[in-house]
Amino acid sequence: MAYSLPNSMKAWTFTHAGSAERVLQLSQQQPISTLSTNTDVLIRITHVSLHPGTTIMMNFVPFIFRAKPCIAETDFSGLIISTGKEVPVAPSPDNEHRYFPPGTPVFGSIPVGQHLKGAGALAEYLVVDVNCIARKPANISFAQSAALPVSGTTALTLIDAADIQPGGRVLINAPCGGIGHLVTQLVSHAIAEEGRIVGKCSAASFDVAKTLGCNDVVSYNNSGDMSITTATEVYGEEPFDKIIDALGSQDLWYSSPAILKPGVDHMYTSVGPVLESYTYLGMLACLLKMGMNRFLPVWAGGIDRGYRQVTAIVSTAKLERLRKLCEAGELGVLIGVTWPFEDAVQAFRVMASKHARGKLVICVAEPSI
């Protein structure tokens, strides 16, 4: 049955850099993009998830470097409406999963370059290249699928960089967060039954952390520079083989010599220092911390442990890897709160508070063609 496309769509747009509360506007008559290449697909968006990277871009990237207006956010799930001539619409012997006839449930992420040109996911329709999507895992919801692309890619990149080995003892900071809850599950499978995971989170999240795979939990209240005695009281006598910081805690990094084994095989792997405030001074402070964490020598006051900060770029290969992990039952997605499309700004307020558990998702429309 042919799909009747409306003349325009609703979309959350902005024309100036700043916080979501100040700059986002709900456009009722946004033009719908059309297929411009033979590998493009038109998608009816069902759900969109938030992540800090796009919020940082919204606050800091001036409009001399991006199109006006710009639609917010990049991560989505939805249904294929139409495809370019070169998009596979039937399975092939070489690849039974990379085919997308109209009606196919998919998830994906808009590349940064396309986003800077104005494209965004927080709208009713979206056109992207077929390499930016994968088929939705059959055993998770549209909301959960929308939460996968950037956070899932970041989790995979953290795991790959940390090189988790079976039987290891691993500390995960923020094991229930948007990235951390995915990291926890992946580490749980990597270390096997003989390994041990300690999660550092709020007391309210202890039960969730254990459900995700943590063997033990410690409270965020235990922070700051630690002596060996204090570290032993909090984390136990055995130091960790790896620390994965899915939040970006400077206190934990400064404390790492007391709780992390020395040597190149025992890295502190992080998403990078958390941005304390969406101001240029806050950004400068964050960049300074990044440089000092990575390059400041011990003799100049640096930390005597290896530090690795990851940068995650969504790719077709990573999307397919996430799909396979979900379908194999090795990865689930924790949704914190889901908001209706018209209340999207409320989701950004929670994101700014930095106290979200799981992923924050906006429902654009119910999944029906």
Side-chain angles (χ1 to χ4, degrees), residues 43 45-56 73-78 97-98 105-112 115 121 128 131-164 172-190 197 199 208-209 211-213 244-248 269-272 309-338 347 351 356-362:
I43 299 169
I45 302 296
T46 63
H47 293 80
V48 174
S49 71
L50 309 188
H51 64 86
T54 50
T55 302
I56 291 171
E73 289 306 315
T74 60
D75 285 13
F76 61 88
S77 62
H97 298 288
R98 297 290 303 169
V106 297
F107 73 103
S109 186
I110 303 168
V112 171
H115 185 50
V128 291
N131 289 320
C132 299
I133 62 172
R135 297 174 72 88
K136 183 185 82 66
N139 56 342
I140 66 173
S141 68
F142 279 86
Q144 291 172 309
S145 297
L148 275 174
V150 169
S151 291
T153 294
T154 305
L156 291 176
T157 307
L158 281 167
I159 292 296
D160 293 344
D163 189 26
I164 304 297
I172 301 176
N173 190 35
C176 305
I179 296 170
H181 82 282
L182 301 170
V183 169
T184 303
Q185 296 172 77
L186 294 171
V187 172
S188 180
H189 287 288
I197 301 173
V208 175
T211 300
L212 291 167
I244 300 180
D245 187 355
L247 180 64
T269 308
S270 175
V271 294
Q309 180 178 327
V310 305
T311 300
I313 299 176
V314 179
S315 65
T316 307
K318 288 285 177 66
L319 291 175
E320 288 296 331
R321 188 174 164 192
L322 290 167
R323 178 189 60 77
K324 291 176 183 177
L325 285 166
C326 289
E327 292 186 340
E330 296 182 13
L331 189 64
V333 182
L334 175 63
I335 301 299
V337 184
T338 301
M351 170 72 75
R357 180 191 300 173
K359 290 293 294 182
L360 307 180
V361 175
I362 297 164

Determine yes or no for a side-chain-to-main-chain donor-acceptor pair under 3.5 angstrom, with Asn139 supplying the side chain and Cys326 the backbone.
yes
Side chain to side chain contact (heavy atoms under 4.5 Å, CB included) involving Ile313 - partner list, sequence neighbours excluded:
none
Rounding to 0.5 Å, atoms CG (Asn173) and OG (Ser270) come to a distance of 8.5 Å
His189 side chain to Leu186 backbone, donor-acceptor under 3.5 Å
no
Donor-acceptor pair, Gln185 side chain versus Gly332 backbone, under 3.5 Å?
yes
Could you tell me the separation between the CD1 atom of Ile133 and the OG atom of Ser77, rounded to the nearest 0.5 Å?
12.0 Å
Euclidean distance, Met351 CE relative to Thr55 OG1, rounded to 0.5 Å
5.0 Å
May I ask you to decide if Pro137's main-chain N or O and Glu327's side chain share a donor-acceptor pair within less than 3.5 Å?
no
Sub-4.5 Å side-chain heavy-atom contact between Thr46 and Phe76:
no
Going by atom type alone, with no hydrogens or angles, which donor-acceptor pairs under 3.5 Å involve a side-chain atom of residues 155-162 and a protein atom two or more places apart or on another chain?
unit_1: Thr157; atom_1: OG1; unit_2: Thr153; atom_2: O; d: 2.7
unit_1: Thr157; atom_1: OG1; unit_2: Lys318; atom_2: NZ; d: 3.4
unit_1: Asp160; atom_1: OD1; unit_2: Arg321; atom_2: NH2; d: 3.0
unit_1: Asp160; atom_1: OD2; unit_2: Arg321; atom_2: NH1; d: 3.0

Closer than 3.5 angstrom, by distance alone: can the side chain of His181 be matched with the main-chain N or O of Gly358 as a donor-acceptor pair?
no
Using only heavy-atom distances, determine whether the side chains of Thr74 and His51 contain a donor-acceptor pair under 3.5 Å.
yes
Please examine the side chains of Ile362 and His47, heavy atoms only from C-beta on, and report whether any two atoms are closer than 4.5 Å.
no
Any side-chain to backbone donor/acceptor pair from Ser188 onto Thr184? Under 3.5 Å, distance only.
no
How close do Leu148 and Leu322 get, heavy atom to heavy atom, and via which atoms?
O-CD1, 3.7 Å
Asp75 side-chain N/O to Val150 backbone N/O, donor-acceptor pair under 3.5 Å
yes
Test Lys359 against Ser151 for side chain to side chain donor-acceptor pair (under 3.5 Å), laying out the working first.
CA-CA 9 Å; Lys359 290 293 294 182; Ser151 291; 2.8 Å; yes
For Ala134, all residues meeting side chain to side chain contact (heavy atoms under 4.5 Å, CB included), sequence neighbours excluded:
Arg98, Phe107, Leu319, Glu320
If every non-hydrogen atom of Pro175 is compared with every non-hydrogen atom of Gly199, which pair is closest and at what distance?
CG-CA, 3.8 Å
Taking the side chain from Thr316 and the backbone from Asn131, do they hold a donor-acceptor pair closer than 3.5 Å?
yes
Minimum heavy-atom separation for Ile197 to Gly213, with atom names?
CD1-O, 3.6 Å
Quick one: pull up CD1 in Ile164 and CD1 in Ile172 and give me the separation to the nearest 0.5 Å.
7.5 Å
Heavy-atom closest contact (Ala174 atom, Leu247 atom, distance):
CB-CB, 3.7 Å
Ala147 to Val333 - nearest heavy-atom pair and separation
CB-CG1, 3.6 Å
Distance col, row Thr338:OG1 vs Leu360:CG, nearest 0.5 angstrom, shows 9.0 Å
What's the spacing between Lys136 NZ and Phe142 CZ if we round to 0.5 Å?
5.5 Å
Yes or no on side chain to side chain contact (heavy atoms under 4.5 Å, CB included) for Thr269 and Val310, after CA distance, side-chain angles and deciding distance?
CA-CA 7 Å; Thr269 308; Val310 305; 4.0 Å; yes
Side chains of Thr54 and Glu73, donor plus acceptor under 3.5 Å
yes
Measure across Val48 and Ala121 and return the closest heavy-atom pair with its distance rounded to 0.1 Å.
CG2-O, 3.2 Å
